[in-house]
Amino acid sequence: MKSISLILLLGSTQIAFAQTPAASMLPDGSTDTYLGLGVLSEPSCELGGEQKTRIMPNVQMQWSNGVFLRNTNLGMHFSKSSEMEYGPLLAYQRGCSSSAARKLAGFGDIDGSFQLGGFFNVYPRANLRLSSKLLFGTGAGKNTNYLNLEARSYHKLASHHGMALSAGFTWSKRFYDASGSSFDPETTALSNPGFAVTNCSPCDGASKALKPVVNTNADVRNVYLGLNWNWEFSSSWLLTSHITASHQLNTDKDSLWLGKRDYVTVYSGLAYRF
């Protein structure tokens with residue numbers, strides 16, 4: 001629902017910017033702008049947890065001033081070239097409920113937080129984009145950072161069908177503490193025999209005496225392959241679907257965050273195209 005709120009905010013803002021050339025490819029790889037609703041199946045938390053299915057909005061918008069919105073990512077194009085794109089980016093990092101992930105049981109919920117940074121894209125070919133984005137956390141995730149590198153190509157299969165193929169690499173260094181979140185690993189370790197934390201600073205003697213079984217840091221590296229498919233029913237309606245398969249590299253079995261080495265995210269829904 002945060003995506004819908006951002007749309008309303010942008011729509012009500014009357015700020016004049018210079019016209020910016022339309023992006024060669026929008027975030028999903030197509031040139032479609034739309035607002036829709038569908039069914040999403042993904043891990044309950046970013047780095048693992050039980051697979052959950054829920055109803056989710058699907059938004060992809062771009063305005064003539066260069067501002068674009070893709071679900072929980074809001075950015076702005078500063079480049080005037082159709083072969084290169086760059087600009088600021090704001091993203092929302094979803095949290096995690098302790099009831100949704102077994103590894104968080106007894107540790108408290110992880111609050112969602114915003115990440116600030118930027119993006120840089122180049123187009124070696126008209127239908128091929130090489131993209132990068134670097135983000136830094138705020139709030140509960142203020143000591144986190146995130147780097148993503150991706151190649152995405154778009155192919156028109158027929159007059160009403162378009163498909164985008166993507167391959168990417170993600171590196172994320174995450175550290176959470178009790179600031180701005182109900183999650184407090186050190187307090188939990190003191191009150192639950194058998195639980196302890198590493199990388200807590202400062203740690204008192206009682207916490208240090210416990211056997212380290214959980215690492216609150218997550219140095220995450222994963223690779224993924226994705227496929228997006230847009231099927232145009234008419235000039236105004238389309239079916240949007242995507243599937244992404246991810247594989248975690250160099251996972252730490254003691255990390256609180258890493259639940260699975262391999263997981264899949266699937267979405268399909270109906271959208272109104274603008």
Side-chain angles (χ1 to χ4, degrees), residues 3 17-34 42 46-47 58-93 114-137 144-157 161-174 219-230 238 240-250 262-267:
S3 297
F17 292 95
Q19 293 289 105
T20 299
S24 300
M25 294 164 54
L26 292 179
D28 75 348
S30 72
T31 56
D32 297 318
T33 56
Y34 50 78
E42 65 176 354
E46 181 202 8
L47 303 178
N58 188 20
V59 183
Q60 181 165 268
M61 302 293 291
Q62 180 170 266
W63 290 266
S64 60
N65 57 19
V67 174
F68 65 91
L69 175 65
R70 173 59 174 161
N71 292 334
T72 56
N73 290 264
L74 176 67
M76 184 172 185
H77 292 285
F78 282 171
S79 171
K80 303 299 181 183
S81 170
S82 60
E83 298 178 352
M84 180 179 63
E85 301 165 347
Y86 58 86
L89 186 66
L90 171 67
Y92 180 75
Q93 173 63 45
F114 285 98
Q115 296 177 318
L116 294 168
F119 66 93
F120 179 78
N121 305 332
V122 294
Y123 291 85
R125 299 173 57 184
N127 70 330
L128 175 62
R129 179 178 66 213
L130 305 179
S131 63
S132 62
K133 57 183 176 181
L134 179 63
L135 298 167
F136 300 92
T144 72
N145 44 58
Y146 172 93
L147 173 67
N148 173 248
L149 304 174
E150 181 188 270
R152 183 175 294 253
S153 63
Y154 182 77
H155 308 273
K156 196 72 173 177
L157 302 180
H161 297 270
M163 181 178 67
L165 303 175
S166 59
F169 169 86
T170 296
W171 177 86
S172 179
K173 183 69 173 180
R174 302 202 182 284
D219 189 1
V220 181
R221 302 174 182 86
N222 70 25
V223 292
Y224 62 88
L225 296 173
L227 184 150
N228 286 68
W229 173 45
N230 289 352
L238 71 159
T240 64
S241 304
H242 74 249
I243 180 169
T244 303
S246 302
H247 174 71
Q248 303 284 355
L249 304 172
N250 302 327
D262 302 285
Y263 57 91
V264 176
T265 299
V266 181
Y267 173 88

Discussion item. Walk me through whether W171 and N145 qualify under side chain to side chain contact (heavy atoms under 4.5 Å, CB included).
Written reply: CA-CA 8 Å; W171 177 86; N145 44 58; 2.9 Å; yes

Worksheet item: Which is it for Q60 and F68 under the side chain to side chain contact (heavy atoms under 4.5 Å, CB included) test, yes or no, and what are the steps along the way?
Response: CA-CA 8 Å; Q60 181 165 268; F68 65 91; over 6 Å; no

Worksheet item: Side-chain contact, heavy-atom cut-off 4.5 Å: L26 with Y154?
Response: no

Worksheet item: Is there a side-chain contact between L69 and W63 (heavy atoms, below 4.5 Å)?
Response: yes

Worksheet item: If you take all heavy atoms of D28 and R152, which pair is closest and at what distance?
Response: O-NH1, 3.1 Å

Worksheet item: How long is the gap from CG on D262 to OG on S246, to the nearest 0.5 Å?
Response: 9.0 Å

Worksheet entry | Minimal non-hydrogen separation, S79 against Y86, with atom names | CB-CE2, 3.5 Å

Item to complete: Apply side-chain hydrogen bond (donor to acceptor under 3.5 Å, both in side chains) to the pair Y224 and E150, showing each step before the final yes or no.
Response: CA-CA 9 Å; Y224 62 88; E150 181 188 270; 2.8 Å; yes

Worksheet item: Should L116 and F136 count as side-chain neighbours, where that means a heavy-atom distance under 4.5 Å?
Response: no

Worksheet item: Going from CG on N228 to OG on S30, what distance comes out if it is rounded to the nearest 0.5 angstrom?
Response: 8.0 Å

Worksheet item: Does the side chain of Y267 come within less than 4.5 Å of T265's, by heavy atoms?
Response: no

Worksheet item: Would a 4.5 Å heavy-atom cut-off, applied to side chains only, mark L238 and T240 as touching?
Response: yes

Discussion item. I'd like to know if the side chain of R70 pairs up with that of N58 as donor and acceptor (distance under 3.5 Å, no hydrogens or angles considered).
Written reply: yes

Worksheet item: Got a second to check how far H161's NE2 is from K156's NZ, nearest 0.5 Å?
Response: 9.0 Å

Worksheet item: Do N121 and M25 touch side chain to side chain, with heavy atoms closer than 4.5 Å?
Response: no

Worksheet, complete the sentence: Separation between OG (S132) and CG (N148), nearest 0.5 Å, reads 8.5 Å

Practice prompt. Check whether any side-chain heavy atom of F119 lies under 4.5 Å from a side-chain heavy atom of H77, and answer yes or no.
Written response: yes

Worksheet entry | Any side-chain donor near an acceptor of the partner, Y123 and E85, under 3.5 Å | yes

Worksheet item: If you look at every heavy atom in P124 and L130, which pair is closest and at what distance?
Response: CG-CD1, 3.7 Å

Worksheet item: Would a 4.5 Å heavy-atom cut-off, applied to side chains only, mark L135 and Q93 as touching?
Response: no

Discussion item. For T170, run the side-chain contact (heavy atoms from CB on, under 4.5 Å) check against L249, N222, V223 and tell me which one passes.
Written reply: N222

Worksheet item: Between CG of L147 and CZ of R221, what distance do you get to the nearest 0.5 Å?
Response: 11.5 Å

Fill in: Gap separating the NE2 atom of H247 from the CG atom of L225, nearest 0.5 angstrom
11.5 Å

Worksheet entry | No-hydrogen, no-angle side-chain donor-acceptor test under 3.5 Å, T244 and H242 | no

Worksheet item: For G29 and A164, which heavy atoms make the closest approach, and how far apart are they?
Response: CA-CB, 4.2 Å

